[in-house]
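Here is the structure we will look at.
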2 protein chains.
Amino acid sequence: MTGSDERNGTVAPAPGRKARRVKIADIASAAGVHPSTVSRVLRADPRGRISESVAERVREMAKTLGYRPDAVAASLRTGSTQTIGVIVHDIEDPVYPPILRGIEQRLLERGFMTVVGNTGYDPHAEAEMFEQMANRMVDGVILGTTRLQDPVVQRAQELGVPLVSVLRSTEHLECSAVVNDCASGMRELVDAVVAHGHRDIAVIAAPQDLSTARDRLSGLRAGLAAHGLEVPEERLFTVERMDVEAGRRAASTLLERRPDPPQVIMAVNDLVAIGAIQACRARGLRVPDDISITGYNDIPLVDMIDPPLTTVAMNLSEIGMRSADCLLDRLSAPEAEPQLTRVRPELRLRESLATIGR
Amino acid sequence: MTGSDERNGTVAPAPGRKARRVKIADIASAAGVHPSTVSRVLRADPRGRISESVAERVREMAKTLGYRPDAVAASLRTGSTQTIGVIVHDIEDPVYPPILRGIEQRLLERGFMTVVGNTGYDPHAEAEMFEQMANRMVDGVILGTTRLQDPVVQRAQELGVPLVSVLRSTEHLECSAVVNDCASGMRELVDAVVAHGHRDIAVIAAPQDLSTARDRLSGLRAGLAAHGLEVPEERLFTVERMDVEAGRRAASTLLERRPDPPQVIMAVNDLVAIGAIQACRARGLRVPDDISITGYNDIPLVDMIDPPLTTVAMNLSEIGMRSADCLLDRLSAPEAEPQLTRVRPELRLRESLATIGR
DNA sequence: TTGTAAGCGTTATCAC
DNA sequence: GTGATAACGCTTACAA
């Protein structure tokens, strides 16, 4: 029974299906006014002032007839769909859901809907998806798959499609971006690692064509440099994809290569860190007694794994909301200069990082 | 450079912005044919057969001018947006991303886009969201928030909007649904619990207005009955929301109520189970030495927590794909009878379930 | 095989 | 204040 009273007055469509949809013209003739008047009333158009009596009658009629505006027709006329597109690599990657939630929440407040597309890490799919969305279905795009040089960003400029990059940015900030402040997060993490007595540090990084991966590595190096340390060549490894399996393989390689394991493995993200933990265990190392591991992201449940993972928590839903704000700004001011917004993350110290007696 | 050759022939819009968008009429006059001919060529309309020479010329022109079809205009004309809506409670709930991925993947293959909406567990938001989507923006809806009696399902019928329920179903199958086979999953789990020697079993269930919650509880009872067991009133608890916090509170209450803890707590899902683990620990109980815990869902990382959680893995992406298939079927055959599809889950035995010596 | 013309439902811009 | 009218860009009978 909840909410059913909201539909009071709605004429149930005759059981003989497919009741023709009520349109503005129907309301107009029922209320004895012109369609344009109805339109003005329903959109509360501030220009054409309508007498309250007519407005009342029209609203009444609209409700009685069960009028539902046709968003497609309105879009064709106005050139705006009140919809924005979000492109992500893989919605199962735990960084995306909180971002999407932030985006969606903010957009909904402003009357926008959100269409989502997965690329499955395929640049071709990404381009294709963008084209589809750009074909007038969306008013703008939030790109969560941005590479340092990204053809999609360029294409968006060609087409004049408002675009904001989220989570990553392009090399020369060709478009506005809202990112995590990876460098500062990494520095805090490095400070903690060093403060725990670690000196022999191995790193599992990711391909440097992603700004996140690059910022994390450079932040890490900067942090170490501040302590007079560095990452020797043979302690630096790279994964192609940032998942558990890749982390496991990289850590295995890492542990094979030298007889003595490092004191700590700093992974480019939590999934890779988890893979590293598994690889260490597989070789009989205890974590964190024999070797410490750090991640990045603080994805759900990493505080519950064994051992709880030391990591850096991005403020993902905030990043999402900011990117939505940013896109909405661009819709109203398309010519504005691209802006880079950095959202600060927070260090999460947990048991996977042990203190080393010196 | 990848893929840029695909845009060969595209005339870069003059730097003097806002190049008017190329439309079918432009191609028509450029190619010296009628717009309708262009339309037929571009949609590869099988009826109006076009001479290959004209077709060739038109395609050529379209490419040269950088034509991009206007999806909105086409939708207004055809009445189809090639878009479907998915409504979920909270995209951060880990059950949804794999489902969305399955849905999106399948729909994309068939040329559909996916718009997603979060309700935040608010029935009013759910109804609102459905109305928005139904206002001609989508060809159909996949509902992931279905309650046993769901006004949205009824509303979809009124409006003639094709709708498929995913993950849950309505009481009397008013619409097609693709669900996990909760009952059979629970039975398998109960068999395992009993086989491990447990007899004193506490249950944290969820409100029975969700079909999943109901099916799990009835499956659990049926499973126990098969072993001549039951859940006494004082061992049955209910959480309002299925998250960690609620699980923690329920388990605390449970442990307070009787001096002796049960041998095992079977939680309605993994998050609740994790809350239960935390509550047990907070009261000084070791898991699984002093008390066993089981979950349901096998969300990411529950195999990595301490202790690894015994649970049941739904086949979520398959559920997603099937629901997409089901919706597409309904688009072509709207009058078909509602179908219930059950997808079988798999038991995941892990350390959180200990063997009890008898 | 191709052209003609009539919309799809809405809103913007005029007039009155 | 309200009405008339013309698009928005595309598709599709129907004609030729």
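In what follows, chains are A, B, ... by sequence order, proteins preceding strands, each numbered from 1.
Residues meeting the side chain to side chain contact (heavy atoms under 4.5 Å, CB included) test with Gln339(B), sequence neighbours left out: Ser176(B). Residues that satisfy the side chain to side chain contact (heavy atoms under 4.5 Å, CB included) test with Asp122(A), not counting sequence neighbours, are His124(A), Ala125(A). Taking Arg110(B) as the reference, Phe112(B), Leu328(B) meet the side chain to side chain contact (heavy atoms under 4.5 Å, CB included) condition, with sequence neighbours excluded. Residues that satisfy the side chain to side chain donor-acceptor pair (under 3.5 Å) test with Arg57(B), not counting sequence neighbours, are absent from this structure.
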Going by atom type alone, with no hydrogens or angles, which donor-acceptor pairs under 3.5 Å involve a side-chain atom of residues 97-104 of chain A and a protein atom two or more places apart or on another chain?
from      : atom 1 : to        : atom 2 : distance (Å)
Arg101(A) : NE     : Asp90(B)  : OD1    : 3.3
Glu104(A) : OE1    : Asn118(B) : N      : 3.0
Glu104(A) : OE1    : Asn118(B) : ND2    : 2.8

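Distance CE (Met137(A)) to C1' (dG9(D)): 15 Å, rounded to an integer number of Å. Computed from coordinates, the Ile50(B) CD1 to dT11(D) C1' distance equals 13 Å when rounded to whole Å.
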>> The test is side-chain hydrogen bond (donor to acceptor under 3.5 Å, both in side chains); show your working for Gln149(A) and Glu171(A) and say whether it passes.
In response: CA-CA 6 Å; Gln149(A) 262 102 34; Glu171(A) 182 116 47; 3.0 Å; yes
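If you check every strand for non-hydrogen atoms under 4.0 Å, Val54(B) touches sugar and phosphate atoms only. Contact annotation for Val72(A): no contact, since no heavy-atom pair falls under 4.0 Å across all strands.
Residue Thr37(B) has a polar side-chain atom (N or O) positioned under 4.0 Å from OP1 or OP2 of dG3(C). Distances shown here put every side-chain N or O of Ser51(A) at or beyond 4.0 Å from the OP1 or OP2 atom of dG1(D).
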> For every nucleotide of nucleotides 6-16 of chain C, 5' to 3': is a protein heavy atom under 4.0 Å from its base (B), only from its sugar-phosphate (S), or from neither (-)?
Replying inline: BBBBBBBB---
